[in-house]
Amino acid sequence: MDARSVFLILLVVFVWGINFVIITLGLQDMPPFLLAGSRFIFVALPLIFFIPKPQVPWRWIIWYGLTISFGQFAFLFYALHVGMPSGQASLILQMQVFVTAILGVTIYKDTINRLQLFGGFIAFSGVVCLLIGVLDTHISFAGYFFTLCAACSWGVGNICNRTISVRYPHTNMIHLVVWASLVPVLPFFISSYLLDNRELVIQAISYPTLSSGLTIVYLAFAASLFCYSAWGFVIAKHGTANVVPFALLVPVIGLFSGSFILGETLNSLQFMGCGIIIIGLCIYIFNQKIKLWVQNQRDSGFNAN
């Protein structure tokens, strides 16, 4: 992999990693559903007037928009709003890997080997450690629950994405992202009207702050349009297997940025839980390489004897 591609991957991972801190800071000036809706307005506009609609039926664009765009970020923004630490949110959200796998087995009859099941069990044990560790903190269980719901929505969205890729293989994913960004705008604003604090909504609209504006620009253009474009470009050039493992750096950056920027801390049990989740994710994602390494070690031992 050339230096330019590595730099691009690391830049995307960094932008996605600190994205959780940016959202948390943005929620200081805007209520969650209004902020999320504003993000997707600027993802869709004005590009939707210049980018043709992907050759995908509207029902799949709507499903994609309701799962990956609305469901995932409605739960995530609300979780951060009720006090979920940004660093832990970046890690818990990666449980979407296992949700996607379970749905893949159910819908597409995918197979999961024993090492992947072991990795999933370890990651789940890490989540349990985090939840038990909450008992010694002021963090509400609601934050963890909504973050897990966000991971589930992302997982369902991944299956929608896969179905679109299989049935309509020539779909331009950037075109899909832009057009699907129209879908969550109305649900977000309806949610804002029903659930957001009315006074905060009026204040955010009447007296927009520089920080809220910069947050929306970051979320729409950096974290969405740039990152999805760059990520798709590098995957197309070097293949999924060579690129996706870099995504493991996202929660690492999320944890460190939450600690350095927001002063978030972990007690010993939560720290152990985060480590266990990362180990589980590594075992799941690198299962084939682990199996190959174990086999090579066995063969080397057999030849030595």
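Quick note: residue numbers are just sequence positions, from 1.
- Around atom CZ of F286, more than 12 heavy atoms belonging to other residues, nucleotides or ligands sit under 6.0 Å away.
- Among all heavy-atom pairs drawn from Q116 and T111, the shortest one is OE1-O, 4.1 Å.
- Between R162 and Y108 there is a side-chain heavy-atom pair separated by less than 4.5 Å.
- More than 12 non-hydrogen atoms from other residues, nucleotides or ligands lie less than 6.0 angstrom from CZ of F226.
- In this structure, the side chains of Q94 and W154 come closer than 4.5 Å at one or more pairs of heavy atoms.
- The two residues M272 and C129 make their nearest non-hydrogen contact at CE-SG, 4.0 Å.
- Residues that satisfy the side chain to side chain contact (heavy atoms under 4.5 Å, CB included) test with E264, not counting sequence neighbours, are P85, S86, L262.
- P32 is listed as a side-chain neighbour of L27, based on a closest heavy-atom distance under 4.5 Å.
- Other residues, nucleotides and ligands contribute only 12 or fewer heavy atoms inside 6.0 Å of the CH2 atom of W63.
- Two rings, from F70 and F188, have their centers less than 6.0 Å apart.
- A cation-pi arrangement, defined by a distance under 6.0 Å to the six-membered ring centre and an angle within 45 degrees of its axis, is present between R198 and Y193.
- Within 6.0 Å of atom CZ in F189, more than 12 heavy atoms from other residues, nucleotides or ligands are found, so the atom counts as buried in its surroundings.
- Applying the 6.0 Å contact sphere to CZ of F40 captures more than 12 heavy atoms from other residues, nucleotides or ligands.
- No more than 12 heavy-atom neighbours from other residues, nucleotides or ligands sit within 6.0 angstrom of CZ on F121.
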